[in-house]
Number of protein chains: 2
Amino acid sequence: MSDENFDLTLFLPYLLNQAAEASSLEFQKIYKERYGMLRTEWRVLFHLGLYGRMTASEIGQRANMHKTKISRAVQKLTERRFVTRARDDADRRVEHLALTAQGQAAYADLHSVAQHYDAGLTAELTPSERETLQQMLLKLSSMRPDTFT
Amino acid sequence: MSDENFDLTLFLPYLLNQAAEASSLEFQKIYKERYGMLRTEWRVLFHLGLYGRMTASEIGQRANMHKTKISRAVQKLTERRFVTRARDDADRRVEHLALTAQGQAAYADLHSVAQHYDAGLTAELTPSERETLQQMLLKLSSMRPDTFT
DNA sequence: GCTTGTTAGTTACAAAAACAACTATTACAA
DNA sequence: TTGTAATAGTTGTTTTTGTAACTAACAAGC
């Protein structure tokens, strides 16, 4: 039963985790040191920078983040004047979030860092490898595997 | 300066994190439900199952886990009779860890689950894609990128 | 109008992770 | 020896996360 040519160090969830951690370590340092941000905060910032005005739920859906995480990230970001909140007039439950000038500046800075960082990471891959990697990661990201007993 | 054909949703650390989380979700449920294990505990178990008797530091090096995480994981695993500890006679600081019969059984079970789970994940990839993915993830895992300012 | 259900977001409490300081043991050099 | 540094592992404290319960606002049927 135990297939010997199955190496657990090549187990995809494990490998992905290792690669994800290793690859985000240095970048993490940068947004932490420069802006005192957590991963959740950086993600909210980058969604707002990328897509413009959004609500917390919209960010949650796109980023696969739980609403409490977002709530807390937004709180920190507003405290530090990176983000503003505006109640929707029609539906007063929803809040529209947007970057302040300061938030835009931080986003622009980190966007550029990310760009160089990413280039550094992929430097060792050929363009086609890079493309394939992206496609596969996107596929895996959207997968919801069920019962594997 | 801001290269418009750089899409942050394709930023490698982000993509890797998304893929890693999505791909480990269901597997996580299994070892949690069946054995009440945390990720750290599962990792220690699988290292011992895979390599046999090891010390905590050895596991730490291989798995890129901090020693406190391992210490606590080992504590839980010994409490639940999955792992035994044995002091080294020559150097009484080090402890050799090993799986009990019960630990072996759990490992065998989860190994088999992992095998099927992994097969399910890679089902949509061609063997060569799978191979390429592995190679790239291994490369990224071992990378220590520096200053990308 | 009023119930009942749903959605957006927050808050409170418990679980887990990160980080620093600690003990015990060994190594090694003055 | 004995004093200093290094290593293996643990413990304590602070952050961060996860989970569940909550408030407020809307929606829809009656």
Side-chain angles (χ1 to χ4, degrees), chain A residues 17-18 20-22 24-26 28-29 31-33 35-45 47-48 53-80 83-98, chain B residues 17-18 20-22 24-26 28-29 31-33 35-45 47-48 53-80 83-98:
Chain A
N17 260 294
Q18 295 291 124
E21 258 185 50
S24 50
L25 217 94
E26 289 298 318
Q28 196 165 12
K29 266 189 204 157
Y31 60 68
K32 191 173 185 177
E33 280 171 12
Y35 302 100
M37 286 185 193
L38 257 29
R39 202 207 298 267
T40 48
E41 290 152 28
W42 148 248
R43 284 194 179 173
V44 167
L45 186 90
H47 276 81
L48 292 174
R53 201 170 96 131
M54 292 180 90
T55 69
S57 324
E58 285 166 349
I59 296 174
Q61 289 197 305
R62 281 202 199 254
N64 262 108
M65 281 171 66
H66 192 80
K67 56 185 180 172
T68 59
K69 266 193 187 173
I70 296 175
S71 174
R72 280 160 181 151
V74 169
Q75 199 181 318
K76 278 257 177 76
L77 289 170
T78 51
E79 275 170 18
R80 295 181 190 172
V83 164
T84 54
R85 332 164 82 127
R87 282 249 167 257
D88 184 283
D89 292 321
D91 184 342
R92 296 199 350 253
R93 288 171 304 181
V94 340
E95 265 186 346
H96 299 281
L97 307 169
Chain B
N17 260 294
Q18 295 291 122
E21 259 185 50
S24 51
L25 216 93
E26 289 297 318
Q28 196 164 12
K29 267 189 204 160
Y31 60 66
K32 190 172 184 179
E33 281 171 11
Y35 302 100
M37 286 187 192
L38 256 30
R39 202 208 297 269
T40 48
E41 289 152 28
W42 148 248
R43 284 194 179 172
V44 167
L45 186 90
H47 275 81
L48 292 175
R53 201 170 96 129
M54 293 179 88
T55 70
S57 324
E58 285 166 349
I59 296 175
Q61 288 197 304
R62 281 202 199 253
N64 264 106
M65 280 171 68
H66 191 79
K67 56 184 180 172
T68 59
K69 266 191 187 174
I70 295 175
S71 174
R72 280 164 175 142
V74 169
Q75 198 180 317
K76 277 258 177 74
L77 288 169
T78 52
E79 275 171 16
R80 295 181 189 171
V83 165
T84 53
R85 334 164 79 127
R87 282 249 168 257
D88 184 283
D89 292 321
D91 184 343
R92 295 200 348 254
R93 287 171 304 183
V94 342
E95 266 185 347
H96 299 281
L97 306 170

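Chain naming here is simple, since letters A, B, ... match the order of the sequence lines and numbering starts at 1 in each.
- Note that CG of Leu45(A) and OH of Tyr31(A) are 11.0 Å apart. Values are rounded to the nearest 0.5 Å.
- Atom P of nucleotide dA25(D) and atom NE2 of His96(A) are separated by 15 Å, given to the nearest angstrom.
- Contact check, Arg92(A) against dA25(D): a side-chain N or O comes under 4.0 Å of OP1 or OP2.
- Among the protein residues, Arg85(B) comes within range of the sugar-phosphate backbone only, with heavy atoms under 4.0 Å from sugar or phosphate atoms but none that close to a base.
- Within the structure, a side-chain polar atom (N or O) of Ser71(A) is placed less than 4.0 Å from OP1 or OP2 of dT10(C).
- Looking at heavy-atom distances under 4.0 Å, Leu38(B) makes contact with sugar-phosphate atoms alone, never a base.
- Rounded to whole angstrom, the span from the CE atom of Met65(A) across to the C1' atom of dT10(C) amounts to 15 Å.
- In this structure, Arg39(A) places its CZ atom 15 Å from C1' of dT15(D), rounding to the nearest Å.
- Taking atom CG on Asn64(B) and atom C1' on dA17(C), their separation rounds to 16 Å, with Å as the unit.
- OP1 or OP2 of dA18(C) has at least one side-chain nitrogen or oxygen of Lys69(B) nearer than 4.0 Å.
- Summary of the strand contacts: Ile70(B) and Lys32(B) both lie near DNA chain D, and taking for each the nucleotide with the nearest heavy atom, the more 5' one is attributed to Ile70(B).
- The base of dG9(D) lies outside donor-acceptor range of the side chain of Arg72(B), with no N or O pair under 3.5 Å.
- Picking from dA20(D), dT11(D), dG9(C) the nucleotide with the shortest atom distance to the side chain of Ser57(A) gives dG9(C).
- More than 12 heavy atoms of other residues, nucleotides or ligands sit less than 6.0 Å from atom CZ of Arg87(B).
- Closest-nucleotide positions on DNA chain D for Arg93(A) and Val74(B) were compared, and the one nearer the 5' end corresponds to Val74(B).
- Of all non-hydrogen atoms in Lys69(B) and Met65(B), the two that sit nearest each other are CB-CE, 4.1 Å.
- Between Gln75(A) and Asp91(A), the residue whose closest nucleotide on DNA chain C is further toward the 5' end is Asp91(A).
- A straight line from NZ of Lys67(A) to P of dA12(C) spans 16 Å, rounded to a whole angstrom.
- Among the protein residues, Thr55(B) comes within range of the sugar-phosphate backbone only, with heavy atoms under 4.0 Å from sugar or phosphate atoms but none that close to a base.
- For the pair Lys76(B) and Glu79(B), the salt-bridge criterion is not met [side-chain N within less than 4.0 Å of a carboxylate O].
- As rounded to whole Å, 8 Å separates atom P of dA18(C) from atom CD of Glu21(A).
- As rounded to whole Å, 16 Å separates atom P of dT23(D) from atom CZ of Arg87(A).
- For Arg85(A), the CZ atom counts as densely surrounded, since its 6.0 Å shell holds more than 12 non-hydrogen atoms of other residues, nucleotides or ligands.
- Among the atoms of the strands shown, none is found under 4.0 Å from any heavy atom of Ala73(A).
- If you take CD of Glu95(B) and C1' of dT23(C), they are 14 Å apart, rounded to a whole angstrom.
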